[in-house]
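Atoms within a ligand are numbered from 1 in the order they appear, just like the ligands themselves.
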Amino acid sequence: MNNPKAIYERPLEEMIGKLLEMGIKDFSVLDAMRRVPRHIFIDEALRSRAYENMSLPIGYKQTISQPYIVAKMTELLVRNSAKQNEKFEKILEIGSGCGYQSAVLSYFADEVHSVERIKQLVSKARENLSDLRIHNVLIKNRDGFEGWDEEIKYDGILCAAAPPEIPKSLLAFLKVGCCLVLPVGGSKSQKLKIVTKTKKGFDEQECENVSFVPMLGGTSK
Ligand code: SAH
């Protein structure tokens, strides 16, 4: 059992079993979750817990999201888009953290643009993704409320930090028929929401209760 890959194979399969049990149905999502080794993203001291269904600290008062939440948000994003069975051109992610969700999203788009307000996490996420030879995720140290670039429209936007209300600035970056998946609310009560851009305006759906770190304005150098 000296091969690290072999050591984590069983816990990874158990994690996939748990995701199925918890209601994740999309096999392309389960497959992407199977392809991303979560232990790579976690400090050595906590690595033995890498495949437990829980969020874990990654430094700078931030966490890596719970595997169920990563799978659920990815499923909502790919299933609620007009482009359901096609690969997306571009996905925008807000809050790269250590890059775990970005790695999962990399299997669903030609390009993932991810913004993170904490500079040190930008470097950490870039390193993790480069170790996994994932080259279609670009990460920028930027305030997510501003998106990536005003000119680009996305097939899907996933926001991994909770703003107090739906940011109108992000909705402007969506293509028609595509959606923004995000937690909304304060520290006491947050709901996962899907906002779809229609020809006439926006459609809003509310899903389950969640608990995310807050989406803060500005960047931290
Ligand atoms: N996607 C991560 C989870 C990251 S936690 C995963 O795969 O596990 C949320 C991240 O959002 C934190 O790293 C936090 O620094 C970042 N964040 C909070 N507000 C932000 C903002 N306005 N712009 C960009 N990133 C933000």
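The parts of D143 lying near ligand 1 are both backbone and side chain, judged by heavy-atom distances below 4.0 Å. The residue S55 has no part lying near ligand 1, judged by heavy-atom distances below 4.0 Å. Only the side chain of E93 comes within 4.0 Å of ligand 1, judged by heavy-atom distances. At a heavy-atom cutoff of 4.0 Å, ligand 1 is contacted by both the backbone and the side chain of I64.
In terms of protein heavy atoms, atom 24 (C) of ligand 1 is closest to R117 N, 3.3 Å. The single protein non-hydrogen atom nearest to atom 7 (O) of ligand 1 is Q101 N, 2.8 Å, given as residue, atom name and distance. For atom 13 (O) of ligand 1, the closest non-hydrogen atom of the protein is E116 OE1, 2.7 Å. Looking at atom 9 (C) of ligand 1, its nearest protein heavy atom turns out to be A160 O, 3.3 Å. Looking at atom 3 (C) of ligand 1, its nearest protein heavy atom turns out to be S65 OG, 3.5 Å. Taking atom 12 (C) of ligand 1 as the reference point, the nearest protein heavy-atom neighbour is Q62 OE1, 3.3 Å. For atom 23 (N) of ligand 1, the closest non-hydrogen atom of the protein is G144 N, 2.7 Å. Summary of contacts: the protein heavy atom closest to atom 5 (S) of ligand 1 is T63 O, 3.4 Å.
One hydrophobic cluster, built from ILVMFWY side chains closer than 4.5 Å, cannot hold both L138 and Y100; they sit in different ones. Under the 4.5 Å side-chain heavy-atom criterion for ILVMFWY residues, no single connected hydrophobic cluster contains both I69 and L182. Y154 and L77 fall into different hydrophobic clusters, where Ile, Leu, Val, Met, Phe, Trp and Tyr are joined by side-chain heavy atoms under 4.5 Å apart, directly or via other members.
Look at K124 and D43 and you find a salt bridge, because one of the NZ, NE, NH1 or NH2 atoms lies within 4.0 Å of a carboxylate O, short of that distance.
Every atom of ligand 1 with a heavy atom of P214 under 4.0 Å away is listed here by number and element: 18 (C), 19 (N). For ligand 1, the atoms closer than 4.0 angstrom to any heavy atom of L121 are 13 (O). In summary, the atoms of ligand 1 found under 4.0 Å from a heavy atom of A161, numbered by their order in the structure, are 11 (O), 18 (C). Close approach of ligand 1 to R142 (heavy-atom distance below 4.0 Å) involves ligand atoms 23 (N), 24 (C). Heavy-atom proximity to I118, at under 4.0 Å, picks out these atoms of ligand 1: 15 (O). Those atoms of ligand 1 that come under 4.0 Å of a heavy atom in Y100, given as number and element, are 7 (O). Within the listing of ligand 1, atoms 24 (C), 25 (N) sit less than 4.0 angstrom from a heavy atom of V115.
Close N/O approach between S102 and ligand 1 is not found [any backbone or side-chain N/O within under 3.5 Å]. Polar contact check, G95 against ligand 1: a nitrogen or oxygen pair lies under 3.5 Å apart.
The environment of CZ in R49 is sparse: at most 12 heavy-atom neighbours from other residues, nucleotides or ligands sit within 6.0 Å. More than 12 heavy atoms of other residues, nucleotides or ligands shown are found within 6.0 angstrom of NZ on K153. Other residues, nucleotides and ligands contribute over 12 non-hydrogen atoms within 6.0 Å of the CD atom of E208.
A heavy-atom separation below 4.0 Å is not found between S114 and ligand 1.
Between I69, L216, L56, it is L216 that holds the heavy atom closest to atom 22 (N) of ligand 1.
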What do the steps show when you test E93 against V115 for side chain to side chain contact (heavy atoms under 4.5 Å, CB included), and what is the final call?
-> CA-CA 6 Å; E93 181 191 30; V115 291; over 6 Å; no
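Under the 3.5 Å distance criterion, with hydrogens and angles disregarded, a donor-acceptor pair is assigned to the side chains of Q101 and T74.
Between F108 and F88, the ring centre distance reaches or exceeds 6.0 Å.
With respect to Y51, the side chain to side chain donor-acceptor pair (under 3.5 Å) criterion is satisfied by exactly one of E13, H39, E9, E14: H39. The only option from L92, I166, I194 that meets the side-chain contact (heavy atoms from CB on, under 4.5 Å) definition with L180 turns out to be I166.
Between L192 atom CG and L76 atom CG the span is 6.0 Å, to the nearest 0.5 Å.
In this structure, E75 contributes its side chain and K25 its backbone to a donor-acceptor pair below 3.5 Å.
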